Each structure stands twice: as structure tokens, then as C-alpha cells.
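Worksheet: the structure to be examined is printed underneath.
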Amino acid sequence: VLASFLIVNSWSLSHFGTLLLFALLVSMPLACLTQRTAPNWIKYTLWSFTLFVVISVGVAWLMYPISR
Amino acid sequence: VTVNEAPVNDTPLDPSAPLPVPTAARKPNALAPFVAIAAWLVPGLGHLLLGRWGRALGFFVSVGGLAITGYLLRGNVFPPHSGDPFGTLGFLADGASGVFYYFARVFEAAGPNVSRAAGDYGTRFIAAAGVVNVLAVFDVLEIASGRRS
């Protein structure tokens, strides 16, 4: 909570920065729900985070032609 | 012939293998509804009451982080009586984050500003906080009722 406060107030969050923060904060509880051990939590969080970012950037590239 | 017949395990029992010991997690907890309400009111509290402090911390940080970030980005917080079906759905999502719903008054004193992209993102952050907390409440209910460890 404090980190969110510092991140938003101290740094001007870009669109990509907001995406990274959202992906991290949603990946953590998904890992908590599906995994039972700490190493698996970390692995699942990283995997889910990566998928969030890669798929979001991919969709953004697909939507790029219709944005102009 | 029964349709829903359980699969038969043909493997012989190993006499040296330890017998399965029933764990406390498999016993239904009579306090499950109260623990679920606690989980909704304060994200992570339900897991903490059940002794899952790691998951409690994860859910608290996640729901709190999403909600506070959403407020700081000046996302839209839906009121209880919006008179619009989508507004009602938005309130259900926002209100599911428990006490963090009321923190909007503190962290978003200037009100929402969805004319910028950041404000629109903030609306999604706040709704996501509630949805994540709903998942946490269901997880608590399953653990307390003995269906999950």
C-alpha cells in the first residue's frame, strides 16, 4: 500500500508503468490461489506477470493500425 | 452399470507406506461464514484467522495496492445508489474490496477524473481490487469448509 502511494505520487506513471504495476498486483493473488508452496508462488507470479505483459503488448501492436 | 462410478485403483497397497492422516484442514469449520465475512471486510484477515499468513499477506498487499493505486490515479468510485445497472455492477466490484472502499474518501479527496487515461485505468484498478478480494473470500470459504488445504 505504501509502495503504491510512493510509486504514484513520486513517479509519474506511464501507460506501460501502469500495466506493469497492474500485472504484478494481479499475478500475486492468482499465484496465492493456485499454488501451495513458496517457490511455486514465485514461479507462477513471474509466469503470469510475463504473460500479462507479453499479451498486452501483443494486443497493443494488433490495435496499432486502427489507432491512426 | 452405474454412470458415475468412481475409477477403481487396482494398484496393490504398499504395507510399508504410511497411512493417510486426516488433517485439521479437512474438518469443516463451523465458523466458516464468519471467517468469510472477516475476509471480505479486511482483505487477508480470513486467511490470517485460518493460519495462512503467507496468503493473507499476499491478498492484503494485492487488494490494498490495487485499490490505493486506483484512488491515487483518480479512478471512478461507484456509489451504492447509482440508478444504473452498470453503476450497480461497478459498486458491487468496488464494495467487494471491504474497508478499502471507504479509503477513497482519504486517498481521492479531490474526486475522480476520468477525462485522462490515468483516471480510466484507476477505475479498473479499483474494480480489480474488489474482484481479487472476492476470489480471496471464496478461497477462505473452501479452506474453512475443508475442501482445500
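Convention: sequence-line order gives letters A, B, ...; per-chain numbering from 1. Here the structure is a predicted model, which is why all the values come from computation and not from measurement.
When hydrophobic clusters are built by joining Ile, Leu, Val, Met, Phe, Trp and Tyr residues whose side-chain heavy atoms come closer than 4.5 Å, directly or via intermediates, B:Leu66 is not grouped with B:Val134. In the hydrophobic cluster analysis, where Ile, Leu, Val, Met, Phe, Trp and Tyr join through side-chain heavy atoms closer than 4.5 angstrom, B:Leu72 is grouped together with A:Leu21. When hydrophobic clusters are built by joining Ile, Leu, Val, Met, Phe, Trp and Tyr residues whose side-chain heavy atoms come closer than 4.5 Å, directly or via intermediates, A:Leu19 is not grouped with A:Met63. When the side chains of ILVMFWY residues are joined at heavy-atom separations under 4.5 Å, either directly or via intervening members, B:Val99 and B:Val61 end up in a single hydrophobic cluster. B:Tyr101 and B:Val106 fall within a single hydrophobic cluster, where Ile, Leu, Val, Met, Phe, Trp and Tyr side chains are chained together by heavy-atom contacts under 4.5 Å.
Interface residues of residues 44-56 of chain A toward chain B, defined by a heavy-atom distance below 4.5 Å: none. Using non-hydrogen atoms only and a strict 4.5 Å limit, the part of residues 115-129 of chain B facing chain A consists of B:Ala117, B:Tyr121, B:Arg124, B:Phe125, B:Ala128.
A distance of 6.0 Å separates CG of A:Leu25 from OG1 of B:Thr69, quoted to the nearest 0.5 Å. For the atom pair B:Asp139 CG and A:Thr34 OG1, the distance stands at 10.0 Å (nearest 0.5 Å).
Around CH2 of B:Trp40, the count of heavy atoms belonging to other residues, nucleotides or ligands within 6.0 Å does not exceed 12.
The shortest distance between side-chain heavy atoms of B:Phe59 and A:Met28 does not fall below 4.5 Å. In this structure the side chain of A:Arg36 reaches within 4.5 angstrom of the side chain of B:Arg55, judged on heavy atoms.
B:Ser62 places no side-chain N or O within 3.5 Å of a backbone atom of A:Pro29 that could act as its donor or acceptor partner.
Options A:Ala31, A:Cys32, A:Ser27 differ in how many heavy-atom pairs under 4.5 Å they form with chain B, and the most are formed by A:Cys32.
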